[in-house]
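All heavy atoms count here, side chains included; hydrogens, waters and symmetry mates do not. Chain A is the first sequence line, chain B the second, and so forth, proteins listed ahead of strands; every chain is numbered from 1.
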Amino acid sequence: MGGATRPGYIADMSDAFTMPGGFRLLPGYFDRAAQQALIDLVVTASRSAPFWRPAMPRTGQPLSVQMTNFGPLGWVTDKAKGYRYEACHPETGQPWAPMPDTLLTLWREVSDYPAEPEACLVNWYAPTSKMGMHIDWDEEATDAAVVSVSLGDKARFRLGGPKRGGKTASMVLSSGDVVVLGGASRRCYHGVDRIYPGSSTLLSDEHFPGGGRINLTMRRVTIPG
DNA sequence: TAGTGCCC
DNA sequence: GTAG
C-alpha cells in the first residue's frame, strides 16, 4: 500500500485510498450458465456489428481493445471525430444489435435509475490489452450509474479519484462479476491494468482467437424526457 | 492521452 | 516477473 513498508513496521494508514461513494462490486452476480448466455449474445451481435479496433482522437493511435455495442446508441472513437455515441457501426453502417433483456434486467436491479440504458459497449480485451485511466465524459445523463459485467479472463481493475495522479485502489475482477460506478465514483478515473491470460475457459478460441476478456458496459446517454 | 515505454 |  502507500509509502515504504519495512520489516518490523506497521504501515501508516494516513494515505490509504478512500473508496469513492457509490462504487459497488457484486462478485459472482452471474453464474456460469448466465455468463455463457451473454457470450452467445455477443457472438450473435458481432455477426451484424463486428468487432473493430477504435482509434484515439487526433493521434489516431489504436486502442488495444476491440469493440462493438448493443443498444440504440454505441460508443465509438476515431481520429477525425473523437469520442462520441453513434446509432450505427462505423464500418458497416448497420444499427447495433438490440440490448439483451438480461442486461436490461440487471440495469433495473442495480442502477437505481428511472430510465433504460441506451448503450452497452462491448470491449474485447486480448491477453495483452489494457485500458488507461480515464473518466466516462461522453454522456449527458451524468447522474446515471455506469454498470459493467466481466466475462472471461480475470482482470486487474484500478479505481482512482476525480483527478489524475491521485491515490488509487486495484482489485481483481472475475467472470460474472458486476461493477456499479454510481454516485461520486461515476466521475472517478478508472482503467484496466492487465488481463490474466488463461484464467477462464469461457471464451472459445473459435469466436475469440487467443481468448481474453469481454467487458459489457451499460450507460444512459441522453437525459430522459 | 480510453496510448506506449521505461524504470524502480 | 510484477506493481506502480
Side-chain angles (χ1 to χ4, degrees), chain A residues 1-7 11-20 23 51-71 73-86 89-91 96 117-142 144-173 179 181 185-199 212-221:
Chain A
M1 302 308 288
T5 55
R6 286 165 295 179
D12 177 359
M13 289 290 110
S14 63
D15 59 351
F17 178 75
T18 302
M19 198 63 69
F23 173 82
F51 282 97
W52 92 102
R53 191 178 300 280
M56 303 272 294
R58 296 178 296 279
T59 65
Q61 262 289 316
L63 304 195
S64 63
V65 295
Q66 293 185 265
M67 296 182 169
T68 184
N69 289 271
F70 290 115
L73 292 174
W75 190 84
V76 302
T77 173
D78 57 29
K79 180 174 181 172
K81 295 186 180 177
Y83 307 148
R84 64 201 188 275
Y85 284 90
E86 294 278 0
H89 191 285
E91 291 175 353
W96 310 106
E118 294 166 302
C120 179
L121 176 58
V122 181
N123 281 328
W124 175 20
Y125 291 77
T128 56
S129 293
K130 295 176 235 177
M131 183 69 75
M133 296 292 280
H134 68 279
I135 299 177
D136 297 11
W137 279 115
D138 307 305
E139 302 77 27
E140 296 166 9
T142 58
V146 172
V147 177
S148 85
V149 183
S150 296
L151 298 166
D153 281 348
K154 294 179 197 300
R156 180 164 293 275
F157 175 78
R158 185 168 298 277
L159 179 63
K163 295 178 302 184
R164 281 194 185 281
K167 298 175 182 72
T168 64
S170 73
M171 63 203 80
V172 175
L173 300 182
V179 163
L181 290 176
S185 70
R186 176 65 177 77
R187 288 304 193 187
C188 287
Y189 278 88
H190 57 278
V192 173
D193 295 348
R194 60 161 303 195
I195 301 300
Y196 295 91
S199 54
R213 170 177 186 256
I214 292 286
N215 187 247
L216 310 175
T217 306
M218 276 183 288
R219 304 184 185 96
R220 177 71 196 194
V221 179

- [ ] Look up atom CG in Leu73(A) and atom CD in Glu86(A), then write down how far apart they are to the nearest 0.5 Å.
- [x] 9.0 Å
TODO: Using a strict cut-off of less than 4.0 Å between a Lys/Arg side-chain nitrogen and an Asp/Glu carboxylate oxygen, indicate whether Asp153(A) and Arg194(A) qualify as a salt bridge.
DONE: no
Task: Candidate nucleotides dG4(C), dT4(B), dA2(B), ranked by approach to the side chain of Ser170(A) - the nearest - done: dG4(C)
- [ ] Between dT2(C), dT4(B), dG4(C), spot the one nearest the side chain of Arg194(A), thanks.
- [x] dT2(C)
Task: Distance-minimising heavy-atom pair for Phe17(A) and Leu159(A) - done: CZ-O, 3.4 Å
Task: Arg164(A) side-chain proximity, nearest of dT1(B), dT2(C), dG3(B) - done: dT1(B)
Open item on the list: Rounding to an integer number of angstrom, what distance separates dT1(B) and dG5(B) when you compare their C1' atoms?
Closed with: 14 Å
Open item on the list: Can you tell me which nucleotide in dG4(C), dT4(B), dA2(B) comes closest to the side chain of Gln61(A)?
Closed with: dT4(B)
TODO: Quickly work out the Arg53(A) CZ to dA2(B) P distance and round it to whole Å.
DONE: 17 Å
Task: Whole-Å gap separating P (dA2(B)) and CD1 (Ile195(A)) - done: 18 Å
Task: d(CG, Asp78(A); C1', dG3(B)) in whole Å - done: 16 Å
Task: Separation of dA2(B) P from Asp193(A) CG (nearest whole Å) - done: 15 Å
Open item on the list: Could you tell me how far apart Arg58(A) (CZ) and dG3(B) (C1') are, to the nearest whole angstrom?
Closed with: 12 Å
Open item on the list: Has Arg186(A) got a side-chain atom pairing as donor or acceptor with Asp136(A)'s backbone, closer than 3.5 angstrom?
Closed with: yes
Open item on the list: Classify Pro62(A) by what it touches in the nucleic acid, base, sugar-phosphate, or nothing, heavy-atom distance under 4.0 Å.
Closed with: sugar-phosphate
TODO: Report which part of the nucleic acid Asp138(A) touches: base, sugar-phosphate, or nothing (heavy-atom distance under 4.0 Å, all strands).
DONE: base
- [ ] Compare the minimum distances between each of dG4(C), dT1(B), dA3(C) and the side chain of Met56(A), then state the nucleotide with the smallest one.
- [x] dT1(B)
- [ ] Nearest 0.5 Å please: distance from the CE atom of Met133(A) over to the CZ atom of Arg158(A).
- [x] 7.0 Å
Task: Side chain Arg213(A), main chain Ser150(A), donor-acceptor under 3.5 Å - done: no
Open item on the list: I'd like to check, for Trp137(A), whether its ring lies over the base of dA2(B) with centroids under 5.5 Å apart and a plane angle smaller than 30°.
Closed with: no
TODO: Treating a pair as Watson-Crick (purine N1 to pyrimidine N3 plus N6-O4 or O6-N4) or G-U wobble (N1-O2 and O6-N3) with both distances under 3.5 Å, list the stems of 3 or more consecutive pairs that involve DNA chain B.
DONE: none
Task: Flag side-chain contact, heavy atom, 4.5 Å: Leu63(A) against Met56(A) - done: yes
Task: Protein-nucleotide distance (Leu121(A), atom CG; dA2(B), atom C1'), rounded to Å - done: 10 Å
TODO: Round to the nearest Å and state the distance from Ile135(A) atom CD1 to dT1(B) atom C1'.
DONE: 13 Å
- [ ] Measure from NZ on Lys130(A) to P on dT1(B) and round the result to the nearest Å.
- [x] 17 Å
Task: Side-chain N,O (Arg158(A)) to OP1/OP2 (dG4(C)) below 4.0 Å - done: yes
Task: Between CD on residue Glu118(A) and CD on residue Glu140(A), distance to nearest 0.5 Å - done: 8.5 Å
